[in-house]
Structure formats: structure tokens, C-alpha cells
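Below is one structure, written out as C-alpha cells, with a few remarks after it.
When a ligand or atom number is given, it counts from 1 through the structure's own listing order.
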Amino acid sequence: MTNIIFFGPPGAGKGTQAKILSSFLKLPHLSTGDILRSKIKLQDSLALKVKEIIASGKLVPDEILNEIVSDKLIKDCNQGFILDGYPRTLEQGIFLDNFLETNDLKIDFIFDIFLEYKILEKRIINRSKEENREDDNKNILMTRFEEYKLTTQKITEHYEIKYRNKYFKIDGNNEISKITSEIKKIIGNTWFS
Ligand code: AMP
């Protein structure tokens with residue numbers, strides 16, 4: 001069983017790397033952004049609320065995220081998981097820590113991807129042409145990046161201290177394949193050392 005978390009600002013490439021690693025390690029990829037976007041398609045009252053929040057670049061309430069993630073972890077992740085986009089707030093971090101402890105689970109790797117804002121902006125604008133996401137534009141990116149800086153990055157620091165030898169900073173300015181090689185090398189070095 002292997003449990004992995006990806007951290008990093010919007011557009012850092014968390015989803016790309018999580019997807020590659022998911023097929024390489026045969027582990028489920030839990031992208032909370034993807035899960036929320038698929039929930040929007042249900043078009044019920046919750047979906048409308050979530051759609052509005054995502055379009056504004058703000059964060060969806062913790063209770064919704066905690067329920068979604070714990071449900072998925074119980075149902076689909078008995079071989080492990082790759083979390084992408086969760087936890088994003090202190091409350092989510094505390095919820096996850098309690099969930100892991102209660103279920104006797106541990107984190108094996110945390111990859112925190114960092115990169116320059118100018119590159120993020122360029123990537124988000126390129127992605128908006130391919131994926132047609134309402135929140136992929138310059139203005140909303142600023143709100144999303146602020147949420148990251150003010151909230152998510154703070155809990156990233158908590159994880160950096162708590163999981164000192166499981167936590168790895170990854171340079172997201174590099175090419176996709178180079179980043180993947182670096183991540184695989186870290187996993188290989190840990191497993192085979
Ligand atoms: P992402 O695809 O990870 O960039 O997420 C897109 C949007 O979904 C975010 O800007 C938030 O509005 C929402 N979202 C995704 N994950 C979370 C989370 N863990 N907590 C709160 N909101 C989230």
C-alpha cells in the first residue's frame with residue numbers, strides 16, 4: 001500500500017504528475033477538482049452552489065470536501081491513493097490526519113511542486129484553450145493563487161514539519177518528463193535503500 005499527496009499552486013502540474021504516477025504505480029488518483037467538476041454535472045442544488053464557488057476561484061466548504069474524500073478513501077483506496085488538491089485548508093488537514101490515524105494508515109510521500117507565477121499564468125492560459133474550464137483565466141487565477149498562498153501553503157508547511165522525511169519539494173519549472181523522472185527517482189531511492 002502506498003499513499004501519496006501532491007501539493008502546489010493551481011497550474012503547477014499536480015494533476016499531470018498524479019495521473020502519470022497513478023498508472024505507473026496502479027494507484028487511484030483522487031483529484032478533488034475533477035470530482036467536484038463531475039458533481040456539477042448532476043445539476044442539483046449542491047451542484048449549482050459548487051459551480052458558483054469554483055467559477056469564483058474560492059474554496060468549496062470543508063464539510064463537502066471531507067465527506068467526498070473520506071467516502072472515496074473508504075470505497076476505492078484499499079491499495080493506496082494519490083491525493084491531488086486535498087487537503088487545502090487546516091480543517092481538511094486535521095480531518096485527514098484523524099482519518100488516517102483512525103484507519104491505521106500513513107503517508108508515504110508528499111510531493112510539493114513549486115514554480116514561478118509567470119509560468120503558472122502561461123500554463124493556465126494554455127490549458128483554458130484545451131479544457132474549457134471557467135476558472136482558467138487571468139483574473140480568477142489571481143484569486144485561486146491567493147487562496148493557495150493564504151491558506152493551502154500554510155498547511156503545506158505543517159506537513160513539511162510533520163512528515164519531514166516524506167516531504168519533497170519538486171521544481172515545477174522543468175519539463176513534464178524531467179519532473180516525472182525526479183519523482184520516480186525519489187520513490188525508487190526510498191523503496192530500494
Ligand atoms: P483544481 O482542479 O484542484 O484546481 O480545483 C478547482 C477548484 O475546485 C478550486 O479552485 C476550488 O474551488 C475547488 N476545490 C478543489 N479541491 C478543493 C479542496 N480540497 N477544498 C476546497 N475547494 C476545492
(message) Using a 4.0 Å cut-off on heavy atoms, what residues surround ligand 1? Order them by chain and number.
(response)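 Those residues closer than 4.0 Å to ligand 1 by some heavy atom are Thr32, Gly33, Leu36, Arg37, Ile54, Lys58, Leu59, Val60, Leu65, Gly85, Tyr86, Arg88, Gln92, Arg133, Asp135, Arg144.
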Compile the donor-acceptor pairs under 3.5 Å between side chains in residues 71-81 and protein atoms, sequence neighbours left out, one pair per line.
{"from": "Asp71", "atom 1": "OD2", "to": "Lys75", "atom 2": "NZ", "distance (Å)": "3.1"}

(message) Can you list everything that forms a ring pair (Phe, Tyr, Trp, His ring centres under 6.0 Å) with Tyr163? Sequence neighbours excluded, please.
(response)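 Residues passing ring pair (Phe, Tyr, Trp, His ring centres under 6.0 Å) with Tyr163: Tyr159.
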(request) Please round to the nearest 0.5 Å and tell me the distance separating atom CG of Leu90 and atom CZ of Phe95. (result)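 It is 14.0 Å, given to the nearest 0.5 Å.
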(message) I'd like to check Phe7 versus Ile110 (side-chain heavy atoms, cut-off strictly below 4.5 Å). Are they in contact?
(response)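 Side chain of Phe7 against side chain of Ile110, heavy atoms only: contact under 4.5 Å found.
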(message) Show me the pairs that pass salt bridge (Lys or Arg N to Asp or Glu O under 4.0 Å) and involve residues 102-117, at least two apart or across chains.
(response) Lys106-Asp108, Asp112-Lys169
(message) I'd like to know whether CZ of Phe24 has more than 12 heavy-atom contacts from other residues, nucleotides or ligands below 6.0 angstrom.
(response)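 No.
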